[in-house]
Amino acid sequence: MASDKIYIFDTTLRDGEQVPGCQLNTIEKIEVAKALEELGVDVIEAGFPISSPGDFNSVVEISKAVTNPTICALTRAVKKDIEVAAEALKFAKRGRIHTGIGTSYYHIVHKLKSNEEEIIQRAIEAVKYARRFVDDVEFYAEDAGRSENKFLARVTEAVIKAGATVVNIPDTTGYCLPTMYGEKIKYLMDHVPNIDKAILSTHCHNDLGMATANSIMGVMNGARQVEVTINGIGERAGNTSLEEVVMTLKSHKDLNLVTGIKTKKIMKTSRLVSSLMNMPVQANKAIVGKNAFAHSSGIHQDGVIKNRENYEIIDPNEVGVNESEIILTARSGRAALKHRLELLGYKPNGDLDDIYNRFLELADQKKQVNDNDLEFLVDMNKKEHRSMKLDYLHISTGTAPETMATVRLNVNGELQSATASGNGPVDASFNAIKEVVKRKLHLEEFLIQAITKGSDDVGKVHVQIRNNGTIFHGFSGSTNILTASVEAYIDAIAKIK
Ligand code: KIV
Ligand code: ZN
């Protein structure tokens, strides 16, 4: 059976941009519009031109900058709004006017102080007027979610007759249950005699967390356009999110509904919108959240490593995420550690136990162990086998001018110790080591870096020493920066032949 196309109408730049703090300037809007074009959306709702000169200008500039998607401008069912929208769309290759009026009891009686017959007349006039300027007119029945289906069917029939190409059925207040919304669309498909002359569109808000479910029920019952925003941003609890609808349809091939979205660009677009609009994406957000493909429990990690599909229904590559993330924590098992080390290019063999024990020690000190930490653990493991090791370190420091350090080294199995003073804990420890090894050592460089951020982080220490004109490098890392310094110094000395 051939699949039906679902048109993706993106309203990130209109409904999404209405959110306080999310306002973009025209240049930023153009950047988002171009990203939406690359993503493959069919329609971009670029603004509400009568609302402000800035919105007007953005619709003009987006119309010039973008060629493939239809550019849509919002209006009320008011002549002046429609004229201004038409003017803003004059550079659009394909322009659409989106006009409409409230159809629920609340809107008709309390907001518009009107009645059903007047509302139908105003709807017809608005659509006819908009058709004077553009061939593509979408009508929205505001608060359709709470409108009576019988009246909604009358309005839908009338606006299609007046020339509407798309009829939008918004659940403006996010009130509907998925079954209610699906039934509403089905009712219109079954009771509007000229429904074959237009497309029904869903436009759902997320007040009860059902925007995606309602939109999917809408398309399962005959709607062929879905109105969405990137990351689900929008008024109050937001709008239906593009990524959720697109990936739901892609994951359920049996629905025979396809979109033109290039899903590999989803993550990139999500990040762009989030950063330009200063709207962080919640970590557990479906598809684009930081944790959407991250596995942290040992059982899940083992399952994903054996076969990704054990715990993932979407291949992260499909949405532009490079790979499933295995979060290494104290709960991770050997399989997860081995897998991660292999991805980093290490081939842990018999020494996995040693690394695993070091890993658990570190994971107890840090919440998450990252790739840099692992590289360090592997390095430390190699150092286990060198001829000179630190056996004991004691530093006494305080307000006295000199710090004392006692160091005991294991040199080829023999324990040797010394105590020395210095002008700080590192200097004192290095002096004690020099006494043990009885060599002329000159410290050329001493560098401390945190691997990531946070006071629980592993500090990396690099030292360079000179002995008889030759430079030797030493490296170490630890959550204890003094131990790391001493270990790095010993690492360099152990390289002197
Ligand atoms: O939610 C809504 O009803 C709207 C309309 C203006 C389409 O955003
Ligand atoms: Zn809306």
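As the structure is a prediction and not an experimental result, all values here were calculated from the model. Atoms within a ligand are numbered from 1 in the order they appear, just like the ligands themselves.
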Q: To 10°, measure the NE2(His205)-the Zn ion (ligand 2)-NE2(His203) angle for me.
A: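 That angle works out to 100° after rounding to 10°.
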
Q: Keeping Gln23 on the side-chain end and Glu17 on the backbone end, is there a donor-acceptor pair under 3.5 Å?
A: yes

Q: Does His205, backbone or side chain, put an N or O under 3.5 Å from an N or O of ligand 1?
A: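 Yes - when backbone and side-chain N and O of His205 are compared with those of ligand 1, one distance drops under 3.5 Å.
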
Q: Could you identify the N, O or S atom of Asp15 positioned closest to the Zn ion (ligand 2)?
A: OD2

Q: Any salt bridge between Lys265 and Glu37, counting N to O under 4.0 Å?
A: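 Result for this pair is no, no salt bridge flagged.
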
Q: Taking 4.0 angstrom as the limit and counting only heavy atoms of Pro170, give me the atoms of ligand 1 inside it, by number and element.
A: 2 (C), 3 (O)

Q: Hey, which atoms in ligand 1 end up nearer than 4.0 Å to a heavy atom of Glu142?
A: 3 (O)

Q: Any N/O/S of Glu235 under 2.8 Å from the Zn ion (ligand 2)?
A: no

Q: Using a strict cut-off of less than 4.0 Å between a Lys/Arg side-chain nitrogen and an Asp/Glu carboxylate oxygen, indicate whether Lys184 and Asp171 qualify as a salt bridge.
A: no

Q: In terms of residue, atom name and distance, what is the protein heavy atom nearest to atom 4 (C) of ligand 1?
A: His203 NE2, 3.5 Å

Q: As an exercise, state the distance from CG of Leu152 to CD of Glu157, rounded to the nearest 0.5 Å.
A: 12.5 Å

Q: Flag the pair Asn221 / Met189 as yes when at least one side-chain heavy-atom distance between them is below 4.5 Å, and no otherwise.
A: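 A side-chain contact is absent here, since even the closest heavy-atom pair is not under 4.5 Å.
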
Q: Which atoms of ligand 1 sit under 4.0 Å from any heavy atom of Asp15?
A: 8 (O)

Q: Using the ring of each side chain (for Trp, its six-membered ring), is His295 parallel, tilted or perpendicular to His300, with breaks at 30° and 60°?
A: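 Tilted.
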
Q: Quick one: look up the protein heavy atom nearest atom 3 (O) of ligand 1 and list residue, atom name and how far away it is.
A: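 Looking at atom 3 (O) of ligand 1, the protein heavy atom closest to it is Thr172 OG1, 2.7 Å.
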
Q: Using a strict cut-off of 4.0 Å, indicate which atoms of ligand 1 neighbour a heavy atom of Asn168.
A: 7 (C)

Q: Could you tell me whether ligand 1 has any atom less than 4.0 Å away from a heavy atom of Arg14?
A: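 It does, in that a heavy atom of Arg14 comes within the 4.0 Å cut-off of ligand 1.
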
Q: When the ring planes of His191 and Tyr187 are compared, do they come out parallel, tilted or perpendicular, using 30° and 60° as the limits?
A: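 Ring orientation of His191 relative to Tyr187: parallel.
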
Q: Check whether any side-chain N or O of Asp143 sits under 3.5 Å from a backbone N or O of Thr172 as a donor-acceptor pair, and report yes or no.
A: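 Here the side-chain-to-backbone pair does not exist.
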
